[in-house]
Amino acid sequence: MEALEAILTRRSIRQYTSQSVTDDTVMELLKAAMSAPTAGNEPWHFVVIKDRTTLDAVPKFHVHSQMLKQAQVAIAVCGDPAVETLKGRWLMDCAAATENILIAANGLGLGACWVGIYPVEERIQALRDLLGIPGNVIPLCMVSIGYPAEKKGPSARFRPELVHRAKW
Ligand SMILES: Cc1cc2nc3c(=O)[nH]c(=O)nc-3n(C[C@H](O)[C@H](O)[C@H](O)COP(=O)(O)O)c2cc1C
C-alpha cells in the first residue's frame, strides 16, 4: 500500500481474526516505530507481548482495552526520560513511534489500535508491574494488533475551518 493511502485509511481496529501475526511482521512494525523522528535521543523501548495470559490481564485494570482479549500481539511503547537530550521530548518521540506502528500496520493489512496508558498513574503502575518495566521508564501506550475482523471507512475528519492560511 502506498504511504498516503496507509495514512488516509488508518482507523482504530478493535476486532481481530484468529490468524497469528508472524515475528517477521512484528519486526517490520518495530522498524517502522524506530524510523520515527526523534528529538530526545531515541528515548524509546518496545515490549512485544504475545502471551495470552498477559494480554488478557490488561483489561482487568484498563476498561478501554478489551480489544486485547482478541489481539494476536501487542506492543507496549515506553519512554526513558533518563536518556533524553532535551527534557520532555520522550513523549513526542514515543507518540511519533506509535503512529508509525499504526500506519505500518494498516499498510501491511493488519488492524491496530492505540491503547492509552500515560498519563493515568494507576495504568502506568499496573503495566509496569505486569511487564516488569523499570520504575524510571514510562509506558506511554500499547498498540493492539491482529488481522482485522471489522471494516471501517476513512475517518473523514478533515475540516477546512481548522486550517488558517498565512495568519490565524
Ligand atoms: C492518546 C490516545 C489514546 C487512546 N486510547 C485508547 C484506548 O485506551 N482505547 C481505545 O479503544 N482507543 C484508544 N484510542 C483510539 C481513539 O479512540 C481513536 O483514535 C479515535 O476514536 C478516532 O478513531 P480512529 O482511530 O478510528 O480514526 C486512543 C487514541 C489516542 C491518540
Side-chain angles (χ1 to χ4, degrees), residues 1-17 21 29-30 32-40 43-52 54-81 84 88-131 133 137-163:
M1 193 188 288
E2 192 242 318
L4 190 57
E5 187 188 353
I7 292 167
L8 295 177
T9 61
R10 182 218 57 79
R11 295 298 309 276
S12 292
I13 298 299
R14 299 181 178 86
Q15 289 173 34
Y16 313 105
T17 71
V21 178
L29 299 177
L30 295 168
M34 292 191 228
S35 298
T38 173
W44 43 51
H45 286 261
F46 303 90
V47 185
V48 177
I49 308 139
K50 283 191 152 182
D51 176 63
R52 175 53 43 212
T54 308
L55 291 170
D56 286 351
V58 180
K60 290 177 186 156
F61 62 82
H62 186 341
V63 68
H64 301 300
S65 70
Q66 303 302 321
M67 76 294 267
L68 287 168
K69 293 179 185 168
Q70 276 186 28
Q72 293 298 316
V73 59
I75 299 174
V77 182
C78 306
D80 182 358
E84 282 181 333
R89 303 306 196 276
W90 74 269
L91 182 53
M92 288 164 266
D93 291 5
C94 288
T98 303
E99 177 69 353
N100 271 13
I101 295 173
L102 295 172
I103 294 166
N106 186 39
L108 292 168
L110 293 157
C113 186
W114 185 316
V115 179
I117 300 296
Y118 178 88
V120 182
E121 198 52 51
E122 309 85 73
R123 292 182 193 166
I124 292 171
Q125 201 47 58
L127 197 64
R128 275 201 191 113
D129 293 345
L130 183 68
L131 302 180
I133 297 168
V137 173
I138 306 167
L140 173 70
C141 64
M142 298 175 77
V143 181
S144 61
I145 300 156
Y147 285 92
E150 63 174 335
K151 273 203 169 96
K152 291 182 177 178
S155 64
R157 276 200 294 271
F158 183 75
R159 286 167 56 193
E161 70 272 23
L162 300 180
V163 180

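One-based numbering, in listed order, for ligands and for the atoms of each. All values reported here derive from a predicted model rather than from experimental measurement.
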query: Less than 4.5 Å apart, any side-chain heavy atom of Gln15 and any of Met67?
result: no
Asp80 side chain reached by Trp90 side chain, heavy atoms, under 4.5 Å: no
What does the contact table look like for ligand 1 (nitrogen or oxygen on each side, cut-off under 3.5 Å)?
| unit_1 | atom_1 | unit_2 | atom_2 | d |
| --- | --- | --- | --- | --- |
| ligand 1 | 5 (N) | Trp114 | O | 3.4 |
| ligand 1 | 5 (N) | Gly116 | N | 3.1 |
| ligand 1 | 8 (O) | His62 | NE2 | 3.4 |
| ligand 1 | 8 (O) | Gly116 | N | 3.1 |
| ligand 1 | 9 (N) | His64 | O | 2.8 |
| ligand 1 | 11 (O) | Arg14 | NE | 2.8 |
| ligand 1 | 11 (O) | Arg14 | NH2 | 3.3 |
| ligand 1 | 12 (N) | Arg14 | NH2 | 3.2 |
| ligand 1 | 12 (N) | Trp114 | O | 3.3 |
| ligand 1 | 14 (N) | Trp114 | O | 3.2 |
| ligand 1 | 17 (O) | Arg14 | NH2 | 3.1 |
| ligand 1 | 19 (O) | Ser12 | OG | 3.3 |
| ligand 1 | 25 (O) | Arg10 | NH1 | 3.0 |
| ligand 1 | 25 (O) | Arg10 | NH2 | 3.2 |
| ligand 1 | 25 (O) | Ser12 | N | 3.3 |
| ligand 1 | 25 (O) | Ser12 | OG | 2.6 |
| ligand 1 | 26 (O) | Arg11 | NE | 2.8 |
| ligand 1 | 26 (O) | Arg11 | NH2 | 3.4 |
| ligand 1 | 26 (O) | Ser12 | N | 2.7 |
| ligand 1 | 27 (O) | Arg10 | NH2 | 3.2 |
| ligand 1 | 27 (O) | Arg11 | NE | 3.4 |
| ligand 1 | 27 (O) | Arg157 | NH1 | 3.1 |
| ligand 1 | 27 (O) | Arg157 | NH2 | 3.1 |

query: Under 3.5 Å, is there a donor-acceptor pair between the Ser35 and Asn100 side chains?
result: no
field: Sole candidate of Val58, Val77, Ile75, Val47 that passes side-chain contact (heavy atoms from CB on, under 4.5 Å) when paired with Met142
entry: Val58
statement: Looking only at heavy atoms, the pair that brings His62 and Gln66 closest together is O-NE2, 4.1 Å
task: Determine the minimum heavy-atom distance between Leu130 and Ala57, stating which atoms define it.
output: CD1-CB, 3.7 Å
